[in-house]
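Data block below; observations after.
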Amino acid sequence: MYKDTNCGDPRESNVGDQITVAGWVHRRRDHGNLIFIDLRDRSGLVQVVFNPGYAEKAHDLAGSLRSEWVVQITGKVVARLPGAENPDLPTGTIELSATDLVVLNRALTPPFEVSDDAEIEANTRLKYRFMDLRRPKMQAMLKTRHKVTHIMWDYLTEQGFTQVETPILIKSTPEGARDYVVPSRVHPGDFYALPQSPQQLKQLLMVSGVERYFQIARCFRDEDLRADRQPEHTQLDLEMSFVHQDDVMAVVEELYTRIVNETSSHMTMTEPFTRLTYAESMERFGTDKPDLRFGLELTTITETAANSDARVFQSAAGSGGSIRGFVAPGCGNYGRRQTDNLTEFAKSSGAQGLVFIALDESATSIEELENDHIKSPLKKFLSLDTIKQFATEMGAKPGDLMLIVAGTEKLVNTVLSNLRNEMGRRLELADDNRLEFAWVTDFPLFDWDEDLQKYEPAHHVFSTPKPEHMEYLDTDPGKVIGTLWDLVCNGSEMGSGSIRIHDKDLQTRLFNIIGYTEDQIADRFGQLLTAFTYGAPPHGGMGLGLDRLVAILLGETAIREVIAFPKTQSAFDPLFEAPSPIEDQQLEDLHVRIVMPKT
RNA sequence: GGUCCCGUGGUGUAGUGGUCUAACACGCCUCCCUGUCAAGGAGGAGAUCGUCAGUUCAAAUCUGAUCGGGAUCGCCA
């Protein structure tokens with residue numbers, strides 16, 4: 001070993017010890033005769049002092065040291081001079097008085113400082129990711145990520161799960177997201193696909209009798225990127241046999257509680273996780289992934305609004321739409337600029353406009369409300385009584401701002417849930433140190449696709465309908481609720497699960513509802529349906545995003561920050577410069593010809 | 001595929017028609033310095049302002065295209 005001690009370890013109790021450390025030169029402070037080096041390794045920093053009177057050769061060499069050089073230093077742990085301690089450093093009460101210095105490797109001047117404060121452009125960071133990952137924050141991220149997966153392995157092993165690796169080269173099933181595909185050399189003209197998730201494979205494992213399976217699985221989707229989406233992401237994939245919804249939830253809830261408690265000292269969470277149905281979540285928050293760290297719940301005022309003289313409300317209600325809103329407490333004093341800004345925000349979410357009604361705080365109560373207390377662009381169309389009724393229904397008080405959107409139910413919900421999150425941020429209602437997990441259950445099985453005029457699976461086709469909704473499968477599929485749920489946290493979807501179908505006939509009926517032909521069913525799902533006829537146990541499970549979990553634990557919004565080697569928004573890797581052209585010979589071997597797009 | 005923001009020494013920013021022969025901080029190089037820890041002091045090097053085209057007497061600055069990064073809508077069973 002090049003070292004017997006890690007930089008971050010020595011304490012006052014080690015004073016007098018002769019130690020050897022090795023690491024990177026973090027910083028050099030050259031006082032001429034006295035030279036200080038902060039030496040960094042994975043454990044932290046230690047100050048090394050080179051004293052010419054104590055070790056002349058080492059001191060001479062230390063003068064040539066530069067940032068990020070790799071060195072080995074031997075010396076004695078000494079207590080720092082009184083007053084020279086550094087309280088910001090765990091090793092701050094001691095220093096290493098060097099006797100020997102070996103330069104193991106030099107380094108070019110780094111492209112950016114290896115420090116947490118440095119804000120470097122994303123592209124530069126990725127191009128030099130090997131340097132970026134040296135930053136203490138990134139080192140901590142890698143460790144947290146490891147710890148999370150370690151707890152997953154430990155806990156699920158305790159619970160009788162078996163980890164099984166499923167193949168990366170599988171069959172393409174073109175519905176849903178676009179597949180990444182890999183040409184086959186041995187089968188000219190044929191392609192493998194990279195898995196979007198090991199869904200069918202894990203269900204087959206249930207038929208195989210594994211009963212409890214998990215995998216930290218890489219999943220691939222050839223779709224456009226976002227802050228929370230990468231072309232390849234990692235999910236905790238798990239599946240259990242002979243279970244009901246609550247059994248799966250219990251395992252995941254205990255696992256996630258353990259993960260939060262063991263990886264984060266400052267995050268607080270509410271136990272047990274909140275539960276609400278999809279319908280309830282849409283009603284109260286306008287979204288299926290509500291941020292429960294704050295209230296600002298939505299209210300429906302369609303009826304009252306439709307009876308007013310405001311044409312926006314009349315026409316929305318008349319065409320079967322809805323009128324909903326929420327109260328921004330204490331925002332009744334918002335000026336033109338602020339309300340315009342909120343209107344802009346609402347429009348960017350697709351709204352035609354935003355109706356706001358500001359109530360002056362000088363009113364003593366809603367009952368005593370006078371016209372002078374009200375500011376609203378719709379003031380002349382809304383009677384004082386109507387506004388009082390809005391305030392009562394929505395729970396507004398003097399000094400509050402009512403935000404109201406009219407339109408189709410879907411649009412109103414989208415706009416208001418975005419606006420709700422925005423107000424939560426602006427009013428600083430969302431505590432960064434709180435994790436509000438929630439189970440959102442009873443999702444509908446199908447969505448009606450207006451463009452294609454057909455039903456689409458809301459999550460996926462393998463979820464079982466609620467027994468009491470079986471009758472609607474043929475008559476009104478849109479009404480069918482599935483045994484299908486999401487885990488959400490702070491407004492993000494953390495994972496999705498369901499009790500799966502294990503019956504060939506039922507599964508085939510569902511495929512038919514979403515319009516698959518017999519040939520398509522046989523081609524894409526034949527193996528699964530066949531397996532179901534050989535004794536498939538009832539089973540269910542979840543897929544849970546690992547990147548998002550780690551991101552939320554570390555307070556990051558972009559999952560790029562918690563992936564060692566992520567890609568840019570154009571799915572490019574600036575470090576390896578992938579993707580890249582391949583040799584003609586490779587193309588020939590693969591029986592692939594390139595047709596460039598017309599420019 | 002759409003919309004919006006950004007691109008200036010190694011890094012992060014300022015400069016938004018002429019005063020730019022491009023400023024500041026950090027970093028880098030040389031020298032000085034025995035208690036610093038974002039060390040300090042003195043001096044120095046380093047940028048055709050992403051690229052191309054246009055407007056103009058004059059472009060880092062205005063216009064268009066293009067490339068790259070980011071946010072977001074579509075998309076993401």
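In this text, all values refer to a predicted model and were calculated from it rather than measured experimentally. Sequence lines set the chain letters: A, B, ... in the order given, protein chains first and strands last, and positions in each chain run from 1. Computed from heavy atoms alone, side chains included, the values below leave out hydrogens, waters and symmetry copies.
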Any strand is fair game: report the nucleotide pairing with B:rU34 by Watson-Crick or G-U wobble, both distances under 3.5 Å, or none. none
Of the nucleotides B:rA71, B:rA39, B:rG74, which has the atom closest to the A:Arg29 side chain? B:rA39
To the side chain of A:Phe36, which of B:rU36, B:rC76, B:rC29 is closest? B:rU36
A:Asp30 has a side chain; which of B:rC33, B:rG69, B:rU30 sits nearest to it? B:rC33
With respect to the side chain of A:Ile120, which nucleotide from B:rU11, B:rC75, B:rG35 is positioned closest? B:rU11
What's the CE-C1' distance between A:Met131 and B:rG27, to the nearest Å? 12 Å
Within the 4.0 Å heavy-atom criterion, would you say A:Arg27 contacts the bases, only the backbone, or no part of the nucleic acid? sugar-phosphate
A:Gln569 side chain: which of B:rG70, B:rC37, B:rU36 is closest? B:rG70
Does a salt bridge link A:Lys567 with A:Glu232, judged by any charged N lying under 4.0 Å from a carboxylate O? yes
Establish, with yes or no, whether the OP1 or OP2 oxygen of B:rG69 is under 4.0 angstrom from a side-chain nitrogen or oxygen of A:Ser570. yes
Separation of B:rC37 atom C1' from A:Leu96 atom CG, nearest Å, is 15 Å
I'd like to know if the side chain of A:Asn418 pairs up with that of A:Ser349 as donor and acceptor (distance under 3.5 Å, no hydrogens or angles considered). yes
From C-beta outward on A:Asp224, which listed nucleotide comes closest to its side chain: B:rC75, B:rC37, B:rG74? B:rG74
Is the aromatic ring of A:His31 within stacking range of B:rG35, meaning centres under 5.5 angstrom and planes under 30 degrees? no
Check this for me: does any side-chain nitrogen of one of A:Arg66 and A:Glu68 sit under 4.0 Å from a carboxylate oxygen of the other? no
In terms of side-chain heavy atoms of A:Asp38, which of B:rU72, B:rC76, B:rC37 is nearest? B:rC37
Mate of B:rG64 where both pairing distances stay under 3.5 Å, Watson-Crick or G-U: B:rC52
Quick check for you: among B:rU34, B:rG68, B:rC75, whose closest atom lies nearest to any side-chain atom of A:Asn123? B:rG68
